[in-house]
Amino acid sequence: MALGNALYDQKLASVYDRMYPIDHDTAQAVEFVAGRTPPDGRILELGVGTGRIAVPLAGRGFRVHGIDGSEAMLDELHRQNPQTAVTTQFGDFTEEGTGGVFDTVTLLLNTFFVAITKEQQLGTLRLVRQQLAPEGRFVLEAFDPAPYHHLEKPDFSMRHLDEQAVMLDTLAVDRSQQLMLSTHTIIDGGAPATREHVLRYAFPFEIDLLAELSGLRLVERTEDWCGTPYTSASLRHVSVYERDPDSPWAAVAG
């Protein structure tokens, strides 16, 4: 996937886990997905990255397959976990499937938004349905874009990666297209490395509509992995969908 390669090259892949230091959230996410997957079930993670969720799920005996558009991220997954049972595939999950059927499909940590048009997002969800078992569950985690949608000027921030490296972030929003435009600059003693990042955010009920057009229906939504109720004040959502056999769009979705 061209976007994946542009965003998560070797430089960013090497610091990705330090960009998102959310170990406590990881354990909760693993419990959540495991609790909705049959024992010894098959799990597909779209945008598997460095295997933060996939590796511990495989360690529990699930058969886990991950697809990602960045070869550098997949290399990092296997470098960090040389004995992992996770199987991986290099490819664009917004345009291609795996050819398999899974009990659970996951799309986590805002990764759905790398599909930067509504057509791409719709196509992604239709591919999800094609790969989801009849009684399976699709788990999507994403931020609620309401706080960002009204951003009127670029936002600047800094992340501390380690004792020798920081990351400077710039975020701008194009409300007309629901695009978030970010730059990440790593300063670690060498030549500064800057990468661009584009997301197309979608509101939860917008995602529900795209899901319905893909032959999926919402069965559960919470604020987090612990089951906190989703409200107007929630900053993110964990949404669970299933195949809708009565959907008039099922034949289109496959």
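Side-chain contact check for Phe62 versus Val33: every heavy-atom pair is 4.5 Å or farther apart. No side-chain heavy atom of Asp244 sits under 4.5 Å from any side-chain heavy atom of Glu212. Using a 4.5 Å heavy-atom cutoff, the side chains of Leu216 and Leu132 are in contact. The side-chain heavy atoms of Asp188 and Gln164, taken from C-beta on, include no pair separated by under 4.5 Å. By the 4.5 Å heavy-atom criterion applied to side chains, Glu45 and Ile53 are counted as neighbours.
The salt bridge (charged side-chain N to carboxylate O under 4.0 Å, His left out) contacts involving residues 101-121 comprise nothing, where partners must be two or more places apart or lie in separate chains.
Put simply, Ile207 and Leu218 are part of the same group of oily side chains (I, L, V, M, F, W, Y) that touch within less than 4.5 Å, one to the next. With hydrophobic clusters built from ILVMFWY side chains whose heavy atoms lie under 4.5 angstrom apart, Phe90 does not share a cluster with Leu127. A continuous path of Ile, Leu, Val, Met, Phe, Trp and Tyr side chains, each step under 4.5 Å between heavy atoms, connects Leu181 with Ile116, placing both in one hydrophobic cluster. By the rule that hydrophobic residues join a cluster once side-chain heavy atoms approach within less than 4.5 Å of another member, Met180 and Leu168 end up as members of separate clusters. Under the 4.5 Å side-chain heavy-atom criterion for Ile, Leu, Val, Met, Phe, Trp and Tyr, Val139 and Val101 are members of distinct hydrophobic clusters.
Shortest non-hydrogen contact noted between His78 and Val86 is CE1-O, 3.8 Å. Here the closest heavy-atom approach between residue Phe113 and residue Ala142 is recorded as CZ-CB, 3.6 Å. Heavy atoms only, all atoms of each residue included: Tyr241 and Ser239 are closest at CE1-CB, 3.6 Å. Here the shortest heavy-atom pairing between Ala115 and Thr94 reads CB-CG2, 4.0 Å.
Between the side chains of Glu223 and Ser234, at least one donor-acceptor pair of N or O atoms lies under 3.5 Å. Neither side chain, Gln121 nor Glu206, offers a donor N or O lying under 3.5 Å from an acceptor on the other. Between the side chains of Arg129 and Ser214, no donor N or O sits under 3.5 Å from an acceptor N or O.
With Phe138 as reference, Leu125 is the one residue of Thr104, Leu125, Thr106 to meet the side-chain contact (heavy atoms from CB on, under 4.5 Å) rule. Exactly one residue among Leu199, Leu46, Leu107, Val198 makes a side-chain contact (heavy atoms from CB on, under 4.5 Å) with Val114. That residue is Leu199.
Listed by chain and residue number, Arg60 satisfy the salt bridge (Lys or Arg N to Asp or Glu O under 4.0 Å) test with Glu31 (two or more places apart in sequence, or in another chain). For Pro204, the side chain to side chain contact (heavy atoms under 4.5 Å, CB included) partners at least two apart in sequence or on another chain are Asp144, Pro145, Arg221, Tyr230, His237.
In this structure a side-chain-to-backbone donor-acceptor pair under 3.5 Å is present from Gln131 to Thr98. Between the side chain of Asp68 and the backbone N or O of Glu71 there is no donor-acceptor pair closer than 3.5 Å. Remark: the backbone N or O of Leu171 is not paired with any side-chain donor or acceptor of Asp155 at under 3.5 angstrom.
Salt bridge status for Arg137 with Glu220: absent, with no side-chain N to carboxylate O gap under 4.0 Å.
Counting non-hydrogen atoms of neighbouring residues, nucleotides and ligands closer than 6.0 angstrom, the CG atom of Leu235 reaches no more than 12 such neighbours.
Between atom CG of residue Asp169 and atom CE of residue Met158 there is a gap of 10.0 Å, rounded to the nearest 0.5 Å.
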TODO: Using the ring-ring contact (aromatic ring centres under 6.0 Å, His included) rule, take Phe143 and Tyr201 through it: C-alpha gap first, then chi angles, then the decisive distance, then the call.
DONE: CA-CA 9 Å; Phe143 64 80; Tyr201 61 84; 7.1 Å; no

